[in-house]
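Notes follow the structure.
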Protein chains: 2
Amino acid sequence: MKDDAPLREPSYLILTSLAAEPRHGYAVIEDVKQISEGRVVIGVGTLYTAIDRLHSDGLIEVDREEVVDSRLRRYYRLTNDGARRLAAETARLTRHAAAATSRLRVLGVEPA
Amino acid sequence: MKDDAPLREPSYLILTSLAAEPRHGYAVIEDVKQISEGRVVIGVGTLYTAIDRLHSDGLIEVDREEVVDSRLRRYYRLTNDGARRLAAETARLTRHAAAATSRLRVLGVEPA
DNA sequence: TCGACATATATCAGTAGTCGAAGTATGGTC
DNA sequence: GACCATACTTCGACTACTGATATATGTCGA
């Protein structure tokens, strides 16, 4: 894991989702739809492989498991490393977006 | 080209760089170092293949060519589509970063 | 003058992470 | 009985990035 490599959108939003509270995979998908205003729908393939990777990188960990209606729910939560990583990544996005915004403003273009 | 797919960091920063003024490839690398405060260094392989792709997607176009000290400089500029795309992508990043920031704040974590 | 470094572009093999689809399984609704 | 929502697993394909190598000119210091 190179911790200076940028997180890609799905992974970033998974961490963001888990920053609110522990959630299981399927609930993360629903939450990401909400916070992206319906624009980002994470496919199940992306989700579970990303969760595995974030887990083995120590950014998230298993919170608990539940069985509801005979269906397993595996809840994950952010680790301290995960929270730090999300904070660093957020600062990065904010800086980049600010640079783009000011340059676009000179061109007379406003972010949609 | 799926225009709903997110731009990855290098491509986003290349567009941001060209939003300021027309630049040639090598100058883009230097500019990106500046706007990212030294944190993002785009490799030449990434740069020229990304430029080719952004060009064939119509987001940038050739501004002019110069020869300085027997070395070619090919300048590119943003197209209108490129500016619109950068604006849309910037809005996306801003939304996501805002969601993460407010959730991190509840955890008592501030973006670095 | 020799070597190192900056400028400037081209190209390619390898890889990481995502995408999309298929599979397994339960339960509710029309 | 068909369909959709819930919930996780797995896998092949794809795309953009990474890192290295190549070519070539100009500058600067030892």
If every non-hydrogen atom of A:Thr90 is compared with every non-hydrogen atom of B:Ala97, which pair is closest and at what distance?
CG2-O, 3.7 Å

Separation of A:Glu65 atom CD from D:dT6 atom P, in whole Å?
20 Å

Listed in order of residue number, which residues of residues 70-78 of chain A have a non-hydrogen atom at under 4.0 Å from DNA chain C?
A:Ser70, A:Arg71

Using distance alone, with no hydrogens and no angle criterion, decide if A:Arg53 and A:Ser11 have a side-chain donor and acceptor under 3.5 Å apart.
yes

B:Pro6 to B:Glu89 - nearest heavy-atom pair and separation:
CA-OE2, 3.4 Å

For a quick check of understanding: with a heavy-atom distance under 4.0 Å over all strands, which category does B:Ser11 fall into, base, sugar-phosphate or nothing?
sugar-phosphate

Base, sugar-phosphate, or nothing: which does B:Val44 touch, judged by heavy atoms less than 4.0 Å apart?
base

State plainly whether one hydrophobic cluster holds both B:Tyr75 and B:Leu15, where clusters connect Ile, Leu, Val, Met, Phe, Trp and Tyr through side-chain heavy atoms under 4.5 angstrom apart.
no

Report whether A:Val44 and A:Val28 are members of the same hydrophobic cluster (ILVMFWY, side-chain heavy atoms less than 4.5 Å apart, transitive linking).
yes

Nearest non-hydrogen partners of A:Val62 and A:Arg77, listed with the distance:
O-NH2, 3.9 Å

Under 4.0 Å between a Lys/Arg side-chain N and an Asp/Glu carboxylate O for B:Asp63 and B:Arg73?
no

OP1 or OP2 of D:dT18 versus the side-chain N and O atoms of B:Thr46: is any pair under 4.0 Å?
yes

Rounded to whole Å, CG of B:Asp52 lies from P of C:dT11 at a distance of 9 Å

Which whole-number value in Å describes the distance from A:Ile51 CD1 to D:dT9 C1'?
12 Å

Identify whether B:Leu107 and A:Ile14 are in the same connected component of the hydrophobic contact network (ILVMFWY, side-chain heavy atoms under 4.5 Å).
yes

Would you call A:Glu9 and B:Arg92 a salt bridge, taking side-chain N to carboxylate O under 4.0 Å as the test?
yes

Specify the residues of residues 87-99 of chain A, ordered by number, for which at least one heavy atom lies under 4.0 angstrom from an atom of DNA chain C.
none

Could you state the CG-P distance from A:Leu13 to C:dT18, rounded to the nearest angstrom?
10 Å

Tell me which nucleotide among C:dA10, D:dC8, D:dC17 gets nearest to the side chain of B:Tyr48.
C:dA10

B:Asp4 with B:Arg85: basic N within carboxylate O range, under 4.0 Å:
no

Length of the CD-P vector between A:Glu66 and C:dT26, whole Å:
19 Å

Please compare A:Gly43 and B:Gly45 by the position of their nearest nucleotide in DNA chain C and report the one closer to 5'.
B:Gly45

Integer-rounded Å distance: D:dT15 P and A:Glu9 CD
18 Å

Do the side chains of B:Leu54 and B:Val40 join up, straight or via other hydrophobic residues, at under 4.5 Å, putting them in one cluster?
yes

Starting at atom CZ of B:Arg8, determine the distance to atom C1' of D:dT15, rounded to an integer number of angstrom.
7 Å

Mind calculating the distance between CG (A:Asp4) and P (D:dC17) to the nearest angstrom?
16 Å

Quick one: CD1 on A:Ile29 to CG on A:Leu47, what's the gap to the nearest 0.5 Å?
4.5 Å

Name every residue in residues 17-39 of chain A that has at least one heavy atom under 4.0 Å from any atom of DNA chain C, in order of residue number, or write none if there are no such residues.
none

Contacts of A:Thr49 and A:Val68 projected onto DNA chain D by closest heavy atom; the upstream (5') one is A:Val68

